Amino acid sequence: MDKTYQPQAIESRLYQQWEENGYFAPAGSAATRGEDSAYCIMIPPPNVTGSLHMGHGFQETIMDTLIRYHRMQGYNTLWQPGTDHAGIATQMVVERQLEAASTSRKELGRDKFIEKVWEWKEQSGGTITRQLRRMGASPDWSRERFTMDDGLSNAVQEVFVRLYEEALIYRGTRLVNWDPKLHTAVSDLEVEQEEENGSLWHYKYPLADGSGHLTVATTRPETMLGDMAVAVHPDDERYKSFIGKDIALPLTERTIPVIADDYVDMEFGTGCVKITPAHDFNDYEMGQRHNLPLMNIFTEDATLNDNAPQQYRGMDRFAARKQIVKDLEALDLLEKVEPHKLKVPRGDRTKEVIEPFLTEQWYVDAKTLAKPAIAAVENGDINFVPKQWENTYFAWMRDIQDWCISRQLWWGHRIPAWYDSENTIYVGRSEAEVREKNNLGADIELRQDEDVLDTWFSSALWTFSTLGWPDDTPEQKIFHPSSVLVTGFDIIFFWVARMIMMTLHFKQEVPFHTVYVHGLVRDSHGQKMSKSKGNVLDPIDLIDGIELDPLIEKRTSGMMQPQQKEKITKQTKKEFPDGINAYGTDALRFTYLSLASTGRDIKFDVGRIEGFRNFCNKIWNAARYVLMNSEEFDLSGDNYELSLADRWIISRLQETETAVADAVAQYRFDLASQAIYEFFWNEYCDWYLELSKPVLWAEDASPELQLGTRRTLVRVLEAALRLLHPMMPFITEEIWQRIKGLAGAEGETIMLQAFPCADNSKVDAEAIDAIEWLKRIIIGVRNIRGEMDISPKKHLAVFFKNGSPEDQSRLDDNEPFLKKLANIESITWLNEGDEAPMSATALAGEMEVLVPMAGLIDTEAEKARINKEIDKQGKEVKRLSGKLGNEKFVSNAPTDVVEKEKAKLAEAESALQKLQEQLDKLSAL
RNA sequence: GGGUGGUUAGCUCAGCUGGGAGAGCGACGGCCUUACAAGCCGUAGGUCACAGGUUCGAUCCCUGUACCACCCACCA
């Protein structure tokens with residue numbers, strides 16, 4: 001074995017073996033395993049043409065850990081992989097490519113364009129799944145699905161048709177969020193409201209009869225061309241007399257009424273609001289209440305249409321704004337402009353300003369579907385972890401709006417609706433079915449709806465469409481509902497809520513029992529990672545490492561402003577002067593898990609991953625040690641004896657196994673990883689391996705004891721590897737393969753071994769006490785050595801004073817260990833009355849451990865050290881005696897607490913007394 | 001405007017339904033001790049954001065305040 005762990009030497013080889021051997025597939029049918037033993041996770045399908053980012057890495061690690069854990073526990077385990085066609089995102093990428101090639105989607109035409117998208121999908125579609133493999137993910141790749149493949153498209157169509165037939169899908173004309181760049185409607189969720197700096201213009205609107213004017217305040221002057229009224233509050237004394245009068249709308253030939261509506265806030269602006277029902281959601285509502293006509297003034301590109309006065313037609317909305325501001329000012333109608341912060345709606349993909357736009361679209365009746373979906377969480381059929389996300393879910397679901405599902409895109413599931421020349425709607429699974437069902441002869445021309453469905457429509461069916469629905473498949477019986485959904489809070493509404501609605505409706509069961517909601521991965525300063533900030537880390541770079549120059553190149557490529565490029569370059573040079581080391585997959589996974597405490601975002605600090613890379617190295621070297629000391633021996637016999645240390649480490653292993661099981665049951669991967677880390681490093685390596693040396697290296701040790709130690713070394717390591725495998729699959733497999741024979745394990749892979757389960761009968765309290773005793777003494781001597789600057793090489797002669805018979809017997813049992821671990825030459829037991837040399841002292845309970853000072857220790861230094869300890873113990877005594885002197889504490893606190901405090905006090909008092917005596921002696925010199 | 005989460009060592013975070021705080025990294029001192037210098041040994045760091053309250057006792061429970069982050073919402 002290499003002296004240092006080299007992840008790149010083993011990872012891809014092992015992964016290939018796992019995949020080729022079919023270890024990722026579920027093991028056994030429902031008949032052989034029983035349905036109860038199934039465990040299933042559906043992957044949140046990443047964009048098919050995307051690539052892995054830190055959020056994926058985090059999420060995949062959690063899922064894979066859960067999957068490997070349950071697989072090892074013997075569940076019939078399915079991790080269902082797949083990818084999403086990501087309508088808008090993918091179409092945008094391909095359109096950009098076309099643009100670069102000086103053509104466009106329109107030029108190409110629908111069929112050719114879709115062909116191009118499929119080409120792009122074939123070309124780049126493997127990236128993310130390849131990267132998932134690098135993460136060590138173990139989904140059943142043979143079952144991989146794509147939202148646009150035949151089976152899933154079939155499910156989408158079926159769901160659409162059935163919902164339409166149940167009147168839960170309908171077509172309606174209303175204001176939608178329109179993206180003028182993409183030329184499509186988007187749902188409310190796809191609109192981000194960002195606060196931006198704008199202006200609030202105050203304009204005079206003259207009355208038609210010339211008797212005066214009202215002043216309206218607006219952030220969007222250009223929409224005034226579509227104004228249909230001016231509204232005031234009915235109780236507003238200032239404007240009561242204006243209600244019912246007419247306004248001569250400037251720049252147009254139209255007159256509009258002054259209306260009263262209590263939506264108007266008297267305090268804001270001037271208290272007069274211009275009402276543009278076709279271009280504002282609130283105005284639309286008010287228009288409905290007051291029967292105002294709608295006048296749309298925009299085209300699909302958000303340029304002004306023919307409803308606008310001649311001089312504005314064809315102008316872009318922002319150019320029109322400038323022009324209208326100018327024109328109104330020229331008419332002397334501008335009263336004032338003030339700076340104003342406002343929320344600007346932007347498309348989450350295009351960042352384009354979204355325009356409320358009157359169109360005909362398809363909608364899902366979400367209110368009806370939401371009812372059972374709310375109930376399922378209320379009654380505990382679905383549990384969120386952490387629980388507070390349920391409130392977020394409820395709040396949204398109880399006020400849910402109908403879901404606009406049609407998109408004016410080409411890439412996606414085409415809506416299965418046909419129209420005749422009269423625009424009658426026919427919905428069906430195919431044109432043929434539509435014709436047959438509606439008795440439409442071949443002479444009647446039908447055209448299919450041009451639109452496609454929102455990407456999330458197909459994602460909403462994911463848990464059952466991937467298992468073969470609408471066909472009745474055995475997979476659905478075994479694996480549905482799935483066990484847990486692992487996802488980010490940002491898609492609770494987009495995806496989780498809609499999955500719950502759709503699945504309950506079509507399967508009459510929940511899609512999953514638990515929703516584990518994890519936080520966002522941020523950079524080490526808590527900033528969101530984004531290309532524009534230049535702070536993005538790529539999980540693959542953390543695995544393979546990357547030099548500084550390519551890292552800078554990666555972070556700055558495609559940057560428009562050279563200024564920004566420079567800033568990012570500087571920042572990157574500062575943070576990663578030598579680039580990023582190759583840490584390997586296991587270190588990365590362990591880092592994610594150790595940061596995964598529930599309910600908060602995680603800051604990813606490269607310092608952390610380095611620490612866990614070191615942990616990998618520690619494991620590697622511990623294994624080297626174990627192999628060196630056991631490889632050439634026959635460990636198979638039964639003629640062995642376990643030492644105290646053996647029994648101790650076996651006890652601690654059981655306790656660690658319990659801690660890990662408890663933590664995983666609560667999705668506390670941070671606690672689980674910490675428990676293993678501590679066990680392996682601080683106990684197995686720091687103490688047990690050291691304790692094994694005196695046994696293995698002693699000429700005169702009994703063969704039984706040596707065999708016992710070798711067995712324990714190997715077997716505890718083997719169990720620890722299994723315990724660790726779901727978190728660190730690669731290193732554990734590699735080492736396991738080398739030691740399985742020695743440990744008496746059989747099987748081809750650690751992946752399919754039993755996960756360790758604590759056996760409390762192996763917890764040996766006596767051994768634990770004995771090793772604690774041992775550790776106290778060794779640490780005491782080391783402390784003196786360190787504090788008094790005694791060379792580690794110096795063999796010490798020490799004395800034990802005031803020891804009990806139990807101390808005596810422990811000394812007899814453990815002398816070689818003490819000598820080896822504290823580098824002690826001799827231990828002299830002092831009976832009462834024996835003369836003790838002038839010494840530095842460490843306490844082990846009542847017993848004093850003396851390190852003679854002659855020639856080694858300076859009196860003043862030792863006095864200072866003792867004083868420090870006296871100070872500490874003195875404070876403790878004061879605190880405890882104060883507490884115990886409090887009548888109320890003694891009478892009110894539970895007796896076991898009082899007893900515990902009393903014992904602590906006695907111990908502190910005894911220590912204090914001994915230290916004081918020692919100090920007196922030193923002072924007398 | 002409503003809601004959620006956070007505030008603990010220099011940094012990143014734990015702290016198990018209340019018995020006066022822990023880890024990793026970093027810092028400091030000493031070690032090339034035959035598994036590991038990506039290591040070993042030792043040490044020093046905290047009025048647990050602030051103010052009240054409940055309690056014999058509060059980092060933990062309650063109320064309020066401040067700051068940070070995020071989500072939702074129709075203020076032109």
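Below, read A as the first sequence line, B as the second, and so on, with proteins coming before strands; counting in each chain starts at 1. Predicted model, so just to flag it, every value in this text is computed and none were measured.
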Next on the checklist: What is the separation between atom NZ on A:Lys875 and atom C1' on B:G20, rounded to the nearest whole Å?
Outcome noted: 14 Å

Next on the checklist: When the C1' atoms of B:G57 and B:G2 are compared, how many Å lie between them, rounded to an integer?
Outcome noted: 38 Å

Checklist entry - Using a cut-off of 4.0 Å between protein heavy atoms and nucleotide atoms, how would you tag nucleotides 27-40 of chain B 5' to 3' with B, S and -? => result ----SS--BBSBSS

Checklist entry - Tell me: CZ of A:Phe384 to P of B:U4, nearest whole Å? => result 16 Å

Next on the checklist: Just the rounded figure in Å: distance from P of B:A73 to CD of A:Glu192.
Outcome noted: 12 Å

Within the sub-3.5 Å range, which N or O atoms of nucleotides 56-59 of chain B have a protein N or O partner, and how far apart are they?
residue : atom : partner  : partner atom : Å
B:C56   : O4'  : A:Asn892 : ND2          : 3.4
B:C56   : O2'  : A:Asn886 : ND2          : 3.1

Item to check | Euclidean distance, atom CD1 of residue A:Ile778 to atom C1' of B:G42 [Å, nearest integer] | outcome: 15 Å

Next on the checklist: Within residues 216-230 of chain A, which residues have any heavy atom lying less than 4.0 Å from an atom of RNA chain B?
Outcome noted: A:Ala217, A:Thr218, A:Thr219

Checklist entry - Just by protein heavy atoms under 4.0 Å, how would nucleotides 11-16 of chain B read 5' to 3' in B, S and -? => result -BSSS-

Checklist entry - Which listed nucleotide (B:A23, B:U4, B:C74) is nearest to the side chain of A:Tyr263? => result B:C74

Item to check | Flag, side chain of A:Asp586 to backbone of A:Phe730, donor-acceptor distance under 3.5 Å | outcome: yes

Checklist entry - Once you round it to whole Å, what is the distance between P of B:C25 and CD1 of A:Ile609? => result 15 Å

Checklist entry - In whole angstrom, what separates A:His202's NE2 from B:A76's P? => result 12 Å

Checklist entry - Between A:Ile824 (CD1) and B:C41 (P), how many Å, whole number? => result 16 Å

Next on the checklist: For the C1' atoms, the ones on B:A21 and on B:U8, what distance do you get once it is rounded to whole angstrom?
Outcome noted: 8 Å

Next on the checklist: The criterion is side chain to side chain donor-acceptor pair (under 3.5 Å); which residues satisfy it with A:Asp871, sequence neighbours excluded?
Outcome noted: none

Checklist entry - With sequence neighbours left out, what residues match A:Thr392 under side chain to side chain donor-acceptor pair (under 3.5 Å)? => result none

Item to check | B:C48 and B:C13, which share atom name C1', separated by this distance in whole Å | outcome: 14 Å

Next on the checklist: Please determine whether a side-chain nitrogen or oxygen atom of A:His340 lies at a distance below 4.0 Å from atom OP1 or OP2 of B:A76.
Outcome noted: yes

Next on the checklist: Syn or anti for B:G57? Use the chi torsion, O4'-C1'-N9-C4 for purines and O4'-C1'-N1-C2 for pyrimidines, with syn inside 90° of 0.
Outcome noted: anti

Checklist entry - Of the residues in residues 266-273 of chain A, which ones touch RNA chain B at a heavy-atom distance under 4.0 Å? => result A:Phe268, A:Gly271, A:Val273

Checklist outcome for this item: Any stem touching RNA chain B, meaning at least three consecutive Watson-Crick or G-U pairs under 3.5 Å, ordered by first number, would be B:1-7 with B:66-72, B:10-13 with B:22-25, B:27-31 with B:39-43, B:49-53 with B:61-65

Item to check | salt bridge (charged side-chain N to carboxylate O under 4.0 Å, His left out): pairs with one or both residues in residues 612-629 of chain A, sequence neighbours excluded | outcome: A:Glu610-A:Arg613

Next on the checklist: Considering every strand and a 4.0 Å limit on heavy-atom distances, what is the contact class for A:Arg522: base, sugar-phosphate, or nothing?
Outcome noted: sugar-phosphate

Item to check | Steps toward ring pair (Phe, Tyr, Trp, His ring centres under 6.0 Å) verdict (A:Trp389, A:Phe384) | outcome: CA-CA 6 Å; A:Trp389 288 110; A:Phe384 280 70; 8.3 Å; no

Next on the checklist: As a quick check of understanding, evaluate side-chain contact (heavy atoms from CB on, under 4.5 Å) for A:Glu196 and A:Lys341, giving each step before the final call.
Outcome noted: CA-CA 6 Å; A:Glu196 294 180 19; A:Lys341 284 209 191 305; over 6 Å; no

Item to check | is_close_aromatic(A:His340, A:Phe268), centroid dist under 6.0 Å | outcome: yes

Checklist entry - Does A:Phe604 have its ring centroid less than 6.0 Å away from the ring centroid of A:Phe58? => result no

Item to check | Under-4.0 Å salt bridge between A:Glu907 and A:Lys904 | outcome: no

Item to check | Interatomic distance at C1', B:U65 relative to B:C40, whole Å | outcome: 49 Å

Next on the checklist: Within 45 degrees of the ring normal and closer than 6.0 Å to the centroid, is that where the cationic atom of A:Arg398 sits relative to A:Phe394?
Outcome noted: yes

Item to check | Residues in ring pair (Phe, Tyr, Trp, His ring centres under 6.0 Å) contact with A:Tyr677, at least two apart in sequence or another chain | outcome: A:Phe612, A:Phe615, A:Trp681

Checklist entry - Can you name the side chain to side chain donor-acceptor pair (under 3.5 Å) partners of A:Glu657, sequence neighbours left out? => result none

Checklist entry - Restricting to pairs with a member in residues 264-285 of chain A, which pass salt bridge (charged side-chain N to carboxylate O under 4.0 Å, His left out), not counting sequence neighbours? => result A:Asp227-A:Lys274

Next on the checklist: Assuming nearest nucleotide by heavy-atom distance, tell me which of A:Glu787 and A:Thr392 is located more 5' along RNA chain B.
Outcome noted: A:Glu787

Checklist entry - B:C25 P sits how many Å from A:Phe612 CZ, rounded? => result 9 Å

Item to check | From B:G19, B:C71, B:G20, nucleotide with atom closest to A:Val897 side chain | outcome: B:G19

